[in-house]
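Have a look at the structure below, then the notes.
Note: hydrogens, waters and symmetry copies are ignored here, and every other heavy atom, side chains too, is used.
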Amino acid sequence: MAQKTFSKSGKKRSKKQQTIFRRRRIVFGIAVVVLVSFLVFCLYSLSRGIVAVNREIHHADVYAISRKEVPSPTKKKKSGVPDCSATNVALSLTPAASSFGVGGSMDFTTDIKYDGSSKVGCLVDISAFNVVLTIKSGDDVIWKSNVCPVDADYRLLAKGDEVKQTITWPGTRTGSECVEESTLPKVDRGVYSAQLSLEGHPKAKSDPVGITVE
């Protein structure tokens with residue numbers, strides 16, 4: 001026997017009303033499903049965001065800690081060996097010739113010899129930036145080997161040790177800034193003096209030698 005459908009007023013619903021009621025229930029059900037799905041998506045996204053933020057915070061903390069634990073590569077541990085100075089090294093300078101022509105160049109042999117008495121010796125940077133060749137005309141500084149920076153080259157010198165190298169003066173005049181050698185002006189004819197010195201140690205220097213540019 002078919003079940004009768006009644007409205008809240010007790011009256012029997014028509015087929016049209018029953019159809020409308022079913023449609024409303026279907027629409028309501030779909031709306032509920034959509035709403036629940038949206039809430040679940042929001043909760044999921046929020047949880048993923050919190051996890052990502054925590055991960056970034058943790059990563060930053062670990063990175064900061066690791067940065068503190070790794071020593072700076074620019075820091076040098078003290079070896080206990082003193083720097084070379086006028087008290088423990090002797091400098092000498094020998095030109096390849098006594099003169100050269102305008103537009104030419106001159107090679108100089110530099111010699112750094114240990115002259116101290118300590119058993120541990122001394123430590124010196126033998127690069128042209130620290131062992132400086134200076135060319136002068138009277139009191140006028142014409143050229144210096146340390147205008148342009150170069151890599152340091154540290155050596156340990158002890159009794160009986162000496163280091164010989166070659167520094168070339170290209171016959172030009174340097175300025176206060178490092179520029180391409182080809183852009184520097186050539187010096188004029190005249191008599192110039194050359195001297196070797198140790199940067200930061202004014203008393204550590206060689207005897208000056210005369211060079212003639214013809």
Side-chain angles (χ1 to χ4, degrees), residues 71-100 104-181 183-214:
S72 172
T74 60
K75 291 183 179 180
K76 295 181 180 179
K77 294 182 178 179
K78 294 184 178 180
S79 61
V81 179
D83 292 336
C84 294
S85 64
T87 62
N88 47 27
V89 291
L91 307 181
S92 63
L93 184 66
T94 305
S98 60
S99 64
F100 67 99
S105 62
M106 177 63 69
D107 291 336
F108 293 87
T109 299
T110 67
D111 188 4
I112 309 171
K113 185 176 182 179
Y114 184 71
D115 194 30
S117 58
S118 172
K119 293 182 179 180
V120 298
C122 65
L123 194 65
V124 62
D125 173 14
I126 64 170
S127 72
F129 191 74
N130 191 63
V131 180
V132 185
L133 173 61
T134 302
I135 308 296
K136 289 184 176 183
S137 176
D139 293 331
D140 184 19
V141 176
I142 302 298
W143 186 89
K144 295 187 74 173
S145 65
N146 67 343
V147 173
C148 293
V150 296
D151 293 335
D153 186 5
Y154 285 95
R155 300 290 179 89
L156 177 63
L157 300 181
K159 186 176 181 179
D161 291 339
E162 65 179 327
V163 179
K164 292 186 178 183
Q165 299 184 107
T166 300
I167 298 179
T168 300
W169 174 35
T172 56
R173 175 188 286 269
T174 57
S176 58
E177 297 180 355
C178 180
V179 297
E180 288 291 333
E181 188 66 43
T183 64
L184 296 175
K186 296 291 184 177
V187 297
D188 296 326
R189 292 179 176 85
V191 178
Y192 300 86
S193 65
Q195 190 172 38
L196 194 67
S197 62
L198 201 58
E199 183 71 13
H201 301 278
K203 294 183 179 181
K205 54 187 177 182
S206 68
D207 293 331
V209 294
I211 300 295
T212 302
V213 178
E214 300 175 335

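Glu177 CD: 12 or fewer foreign heavy atoms inside a 6.0 Å radius. By the neighbour-count criterion of 12 heavy atoms within 6.0 Å, atom CG of Asp140 is densely surrounded, having more than that number from other residues, nucleotides or ligands. Within 6.0 Å of atom CD in Glu180, 12 or fewer heavy atoms from other residues, nucleotides or ligands are found, so the atom counts as exposed in its surroundings.
With Asn130 contributing its side chain and Asp125 its backbone, the two residues share a donor-acceptor pair below 3.5 Å.
Residue Thr174 comes nearest to Lys144 through the heavy atom pair OG1-N, 3.4 Å, listed as atom of the first residue, atom of the second, then distance. Here the closest heavy-atom approach between residue Asp115 and residue Ala90 is recorded as CB-N, 4.1 Å. The two residues Tyr114 and Leu157 make their nearest non-hydrogen contact at CD1-O, 3.7 Å.
Considering CG of Leu156 and SG of Cys122, their distance stands at 7.5 Å, rounded to 0.5 Å. For the atom pair Leu93 CG and Thr110 OG1, the distance stands at 7.5 Å (nearest 0.5 Å).
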Would you list the atom pairs, donor with acceptor, under 3.5 Å between side chains in residues 191-200 and any protein atom, with sequence neighbours excluded?
from: Tyr192; atom 1: OH; to: Asp188; atom 2: O; distance (Å): 2.7
from: Gln195; atom 1: NE2; to: Ser206; atom 2: O; distance (Å): 2.7
from: Glu199; atom 1: OE1; to: Asn146; atom 2: ND2; distance (Å): 3.4

Extract all donor-acceptor atom pairs below 3.5 Å that involve side chains of residues 158-167 and protein atoms in other chains or at least two apart in sequence.
from: Asp161; atom 1: OD2; to: Ala158; atom 2: N; distance (Å): 2.8
from: Gln165; atom 1: NE2; to: Ile126; atom 2: O; distance (Å): 2.7

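Within the 4.5 Å cutoff, the side chain of Leu91 has heavy atoms near those of the Ile112 side chain. Annotation: side chain of Ser105 is not in contact with side chain of Phe100 (no heavy-atom distance under 4.5 Å).
Evaluation of the ring-ring contact (aromatic ring centres under 6.0 Å, His included) rule for Phe129 yields no partner, not counting sequence neighbours.
The aromatic rings of Trp169 and Trp143 lie tilted to each other, with the angle between the two planes from 30° to 60°.
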